[in-house]
J.: 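This is the structure, below, for whatever I ask next.
Note that the structure is predicted; figures quoted are calculated from it, not measured. We name chains A, B, ... by the order of the sequence lines, and we start the count at 1 in each one.
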Amino acid sequence: MALNIKAVQGFKDILPDEVVLWQHVEQRARDIFHRFGFGEIRLPIIEETELFARSIGQTTDIVEKEMYTFVDKGLTLRPEATASLLRAFIEHGLHVLQPVQKLYTMGPMFRHERPQKGRLRQFHQLDAEIIGATEPAVDAELMAMGNMLLAELGLQAKLEINSLGCPACRPSFREKLVTYLRRFAGEMCPDCQRRLESNPLRSLDCKSQHCKKVVAGAPSILDSLCPPCSDHFARVREGLEHLSVPYSVNHCMVRGLDYYTRTTFEFTTASLGAQSAVGAGGRYDGLIAQLGGASLPGIGFALGVERIILLLQQQEGPRLTPAAQAEIFVAALGENGGRYSQLLVHLLRQGGVKAAMDYSGRSLKAQMKQAGRLGARFALIVGDNELSRQSAVLRDMDSQSQEDFGLQDSPQSCADRLRTLVTTRLPASGRPA
RNA sequence: GUGGGAGUAGCUCAGCUGGUGGCAGCACCUGGUUGUGGCCCAGGAGGUCGUGGGUUCAAGUCCCAUCUCUCACCCCA
């Protein structure tokens with residue numbers, strides 16, 4: 001701790017032990033996304049501020065107070081991925097390639113909020129979007145995919161769904177709701193009183209006990225949907241049931257971003273403290289046109305990687321163990337042993353074998369210890385003695401058995417023989433690979 | 001942005017009402033074993049007690065500020 005420089009608030013390092021989990025999650029996600037026909041798209045993490053203001057909504061908390069913006073340059077670190085993805089989609093005219101595009105991306109997002117459990121200022125999302133399809137079956141498929149990913153990761157999450165209607169039916173619901181809430185405004189929390197004008201739908205999801213009481217008697221948006229939206233929602237539900245995806249309807253669920261229409265959903269868990277959402281998403285049928293693109297519907301979701309990692313870490317059961325850092329460790333003794341070992345290790349690596357050695361001339365005991373620590377299955381002991389009699393000692397670290405390993409032929413063929421050995425010989429015990 | 005809790009070794013943490021920083025555990029190094037890992041034993045190394053001020057003969061301990069972590073509000077992945 002010589003330097004008094006630390007990571008800035010809300011940003012954190014992910015150390016090698018934890019990276020193992022990250023890679024696991026990312027691998028699973030890629031695997032499943034590919035199964036569903038999604039292609040990866042990689043996006044810049046910075047965009048013109050205007051993009052987020054126009055898509056997420058001027059009056060949302062994200063845009064009003066949580067963005068990392070370079071004011072002098074008009075640029076902003078992305079607070080979410082959908083806007084960037086759609087920008088790229090429109091910019092490159094991807095809709096001409098095929099009528100329905102399925103894209104995913106993953107990476108860091110930035111929001112200037114107060115950090116707490118499962119919430120960082122730089123956090124990571126897995127993001128999947130389907131553009132160009134309006135069929136309810138697509139909504140169901142997308143949710144099924146999220147559900148499958150969480151299930152394959154071994155996580156317990158509930159799926160809650162709702163419909164927020166469309167520009168044809170939401171405004172009238174909003175009016176109905178405001179009329180109702182006005183009657184009880186006095187009983188509601190100060191936040192909700194303030195939201196009465198700015199974002200009355202948000203009151204439906206308020207945690208305050210008083211508000212919950214009021215909201216319990218409020219009209220439901222599901223009763224106010226126009227026939228097309230109502231039909232869409234019914235068929236989304238049918239789709240989920242058809243695929244046996246468990247879900248519940250939560251007519252109070254609202255979203256923090258303005259662009260959502262019709263289907264919205266959240267994957268929630270009780271094990272994350274105040275942050276119950278592991279992932280969330282919804283349909284945004286007007287957004288692409290609003291950003292200057294073709295008039296195309298879209299739907300997508302984002303999963304919070306940190307939140308998934310937290311859940312995995314809380315889980316009982318066997319931990320993920322990092323892969324061995326070395327398959328074979330060459331223990332060198334003496335100056336000649338060191339020179340020969342260095343070449344051998346290099347040739348092994350060239351041949352695709354994870355090989356390691358120690359250059360500091362430490363005792364054999366210390367080197368064997370290091371071999372064990374690296375998870376090496378074999379140790380090859382090469383000292384000046386071995387070189388002079390042209391025969392090294394090969395030790396199987398699990399069975400503790402040792403055998404001679406001839407060094408008569410060239411270093412290259414020795415390396416080749418060792419590689420064959422490492423890749424073909426079965427482990428002595430049922431030790432994880 | 002608001003409120004509670006907390007910062008002592010790489011990690012987890014003792015340290016009472018101020019009086020020399022812990023034979024603490026894990027990890028690390030060395031030795032016990034002339035050249036053989038995991039267990040055991042012995043020894044060793046490792047600290048601006050988050051940072052900056054203040055009170056005091058004396059501050060890890062009390063006071064103020066600040067930074068960070070943490071939990072919650074707000075909001076959200």
J.: Taking all heavy atoms of A81(A) and all of L43(A), pick out the closest pair and write down the distance.
T.: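 Taking every non-hydrogen atom into account, O-CD1, 4.4 Å.
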J.: Could you check which of U36(B), U68(B), C73(B) has an atom nearest any side-chain atom of R119(A)?
T.: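 Within the option list, the nearest is C73(B).
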J.: Indicate, with a heavy-atom threshold strictly under 4.0 Å, whether R362(A) touches base, sugar-phosphate, or nothing.
T.: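 R362(A): backbone/sugar contact only, no base atoms under 4.0 Å.
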J.: Check this one for me: any side-chain N or O of R121(A) less than 4.0 Å away from OP1 or OP2 of A77(B)?
T.: no
J.: If you measure from the P atom in G19(B) to the same atom in C62(B), how many Å do you get, rounded?
T.: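 Pairwise P distance, G19(B) against C62(B), rounds to 11 Å.
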J.: Using a cut-off of 4.0 Å on non-hydrogen atoms, how would the nucleic acid contact of K117(A) be classed: base, sugar-phosphate, or nothing?
T.: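 It contacts sugar-phosphate atoms only.
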J.: In terms of the nearest nucleotide of RNA chain B, which residue is placed more toward the 5' end: M397(A) or E66(A)?
T.: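 On the 5' side of the pair lies M397(A).
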J.: Contact class for E64(A) (heavy atom, under 4.0 Å): base, sugar-phosphate, or nothing?
T.: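 Counting heavy atoms under 4.0 Å across all strands, no contact is made by E64(A).
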J.: Between C64(B) and G5(B), how many Å separate the two P atoms, rounded to a whole number?
T.: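 Rounded to whole Å, the distance is 12 Å.
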J.: Using a cut-off of 4.0 Å on non-hydrogen atoms, how would the nucleic acid contact of A371(A) be classed: base, sugar-phosphate, or nothing?
T.: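 No contact.
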J.: Tell me whether the side-chain N or O atoms of R373(A) pair up with the base of G37(B) as donor and acceptor below 3.5 Å, since no angle test is needed here.
T.: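 Side chain to base: no pair present.
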J.: Name the nucleic acid region contacted by L120(A), choosing base, sugar-phosphate or nothing; use a 4.0 angstrom heavy-atom cut-off, strictly under.
T.: base
J.: So how far is it from L126(A) CG to M106(A) CE, rounded to the nearest 0.5 Å?
T.: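 These two atoms lie 5.0 Å from each other.
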J.: Between Y104(A) and F33(A), is the ring centre distance below 6.0 Å?
T.: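 Ring centres of F33(A) and Y104(A) closer than 6.0 Å.
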J.: What nucleic acid atoms does I308(A) come within less than 4.0 Å of, heavy atoms only: base, sugar-phosphate, or nothing?
T.: nothing
J.: Quote, to the nearest angstrom, the P distance that separates G3(B) from C13(B).
T.: 27 Å
J.: Which nucleotide sits closest to the side chain of R114(A): U36(B), U70(B), G31(B)?
T.: U70(B)
J.: Can you tell me which nucleotide in U36(B), C74(B), A77(B) comes closest to the side chain of Q116(A)?
T.: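 Selected nucleotide (nearest to the side chain): C74(B).
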J.: Scan I221(A), T264(A), N162(A), D205(A) and name whichever one has a side chain to side chain contact (heavy atoms under 4.5 Å, CB included) with V254(A).
T.: D205(A)
J.: Write down the distance separating the C1' atoms in C49(B) and G60(B), rounded off to the nearest Å.
T.: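 Rounded to whole Å, the distance is 5 Å.
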J.: If you check the K369(A) side chain, which of U68(B), C28(B), A72(B) turns out closest?
T.: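 Selected nucleotide (nearest to the side chain): C28(B).
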J.: F329(A) has an atom CZ; how far is it from atom C1' of G37(B), in whole Å?
T.: 10 Å
J.: Quantified in whole Å, what is the C1' atom distance between nucleotide U33(B) and nucleotide C41(B)?
T.: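 These two C1' atoms come out 13 Å apart once rounded.
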J.: Can you find a donor-acceptor pair, distance only, under 3.5 Å between E113(A) side chain and G1(B) base?
T.: no
J.: Going through the checks in order, is the side-chain hydrogen bond (donor to acceptor under 3.5 Å, both in side chains) test met by E160(A) and T268(A)?
T.: CA-CA 8 Å; E160(A) 294 187 322; T268(A) 61; 4.5 Å; no
J.: Flag this pair as yes if the NZ/CZ of R78(A) is under 6.0 angstrom from the six-membered ring centre of F52(A) and inside a 45 degree cone about the axis; otherwise no.
T.: no
J.: Determine whether R111(A) and Y68(A) satisfy the following criterion, side-chain hydrogen bond (donor to acceptor under 3.5 Å, both in side chains), listing intermediate values before the conclusion.
T.: CA-CA 7 Å; R111(A) 290 182 202 170; Y68(A) 279 94; over 6 Å; no
J.: Got a minute to check which stems RNA chain B is part of, using Watson-Crick or G-U wobble pairs under 3.5 Å, three or more consecutive?
T.: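 Counting only runs of 3 or more consecutive pairs, the stems involving RNA chain B are B:1-7 with B:67-73, B:10-12 with B:24-26, B:28-32 with B:40-44, B:50-54 with B:62-66.
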J.: Mind checking the P distance from G37(B) to G44(B)? Whole angstroms is fine.
T.: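 One P to the other, the span is 23 Å.
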J.: Name the nucleic acid region contacted by V305(A), choosing base, sugar-phosphate or nothing; use a 4.0 angstrom heavy-atom cut-off, strictly under.
T.: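 Nothing, no nucleic acid heavy atom in range.
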J.: Rounding to an integer number of Å, can you tell me how far L303(A) CG sits from A77(B) P?
T.: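 After rounding, the gap between these two atoms is 11 Å.
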J.: Round to the nearest Å and state the distance from H112(A) atom NE2 to U2(B) atom P.
T.: 11 Å
J.: Provide, to the nearest angstrom, the distance between the CD1 atom belonging to I62(A) and the P atom belonging to C74(B).
T.: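 Distance check: I62(A) CD1 to C74(B) P gives 16 Å.
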J.: What's the separation between atom CZ in R362(A) and atom CG in L364(A), rounded to the nearest 0.5 Å?
T.: 11.5 Å
J.: Just how far, in rounded Å, is C1' of C73(B) from CZ of R202(A)?
T.: 12 Å
J.: Of the nucleotides U68(B), G32(B), A77(B), which one has an atom closest to the side chain of A280(A)?
T.: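 Closest nucleotide to the A280(A) side chain: A77(B).
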J.: What interatomic distance, in whole Å, is found between P of U66(B) and the corresponding atom of A58(B)?
T.: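 About 26 Å, rounded to a whole number of Å.
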J.: Which one, G37(B), A77(B), C74(B), comes nearest to the side chain of D61(A)?
T.: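 Selected nucleotide (nearest to the side chain): C74(B).
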J.: I want to verify a distance call: between C76(B), G31(B), U36(B), whose nearest atom is closest to the S276(A) side chain?
T.: C76(B)
J.: Base, sugar-phosphate or nothing for G279(A)? Non-hydrogen atoms, less than 4.0 Å.
T.: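 Answer is sugar-phosphate: G279(A) comes under 4.0 Å of backbone atoms only.
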J.: Name the residue closer to the 5' end of RNA chain B, choosing between G281(A) and G372(A) according to the nucleotide with the nearest heavy atom.
T.: G372(A)
J.: From I130(A) CD1 over to L103(A) CG, what is the distance, rounded to the nearest 0.5 angstrom?
T.: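 Going from the CD1 atom of I130(A) to the CG atom of L103(A) covers 10.0 Å.
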J.: Using the ring of F11(A) (Phe, Tyr or Trp, six-membered ring only), decide whether R121(A) places NZ or CZ under 6.0 Å from its centre and within 45 degrees of its axis.
T.: no
J.: For R111(A), report the nucleic acid contact type (base, sugar-phosphate, nothing); a contact means any heavy atom under 4.0 Å.
T.: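 Result for R111(A) = base.
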J.: Can you measure from OG1 (T134(A)) to CD1 (I299(A)) and round to the nearest 0.5 angstrom?
T.: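 CD1 of I299(A) is found 9.5 Å from OG1 of T134(A).
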J.: Atom NZ of K365(A) to atom P of G32(B): distance rounded to whole Å?
T.: 7 Å
J.: By the 4.0 Å heavy-atom rule, please label E266(A) as base, sugar-phosphate, or nothing.
T.: nothing
J.: C1' atom, G25(B) versus U51(B): distance in rounded Å?
T.: 29 Å
J.: Reckon G10(A) touches a base, only the sugar-phosphate, or nothing at all at heavy-atom distances under 4.0 Å?
T.: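 Sugar-phosphate contact only - G10(A) comes under 4.0 Å of backbone atoms but never of a base.
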J.: Taking the minimum atom-to-atom distance to the side chain of A366(A), which one of U30(B), A77(B), G32(B) wins?
T.: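 Shortest atom-to-atom distance from the side chain points to U30(B).
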J.: Can you tell me how far P of A77(B) sits from NZ of K158(A), to the nearest Å?
T.: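 About 18 Å, once rounded to whole Å.
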J.: When you get a sec, tell me which of U36(B), G38(B), A77(B) is the closest nucleotide to the side chain of M368(A)?
T.: U36(B)
J.: Using only heavy-atom distances, decide whether a donor-acceptor pair under 3.5 angstrom links the side-chain of Q367(A) to the base of U36(B).
T.: no
J.: Calculate the interatomic distance between I381(A) atom CD1 and U34(B) atom C1'; express it in whole Å.
T.: 15 Å
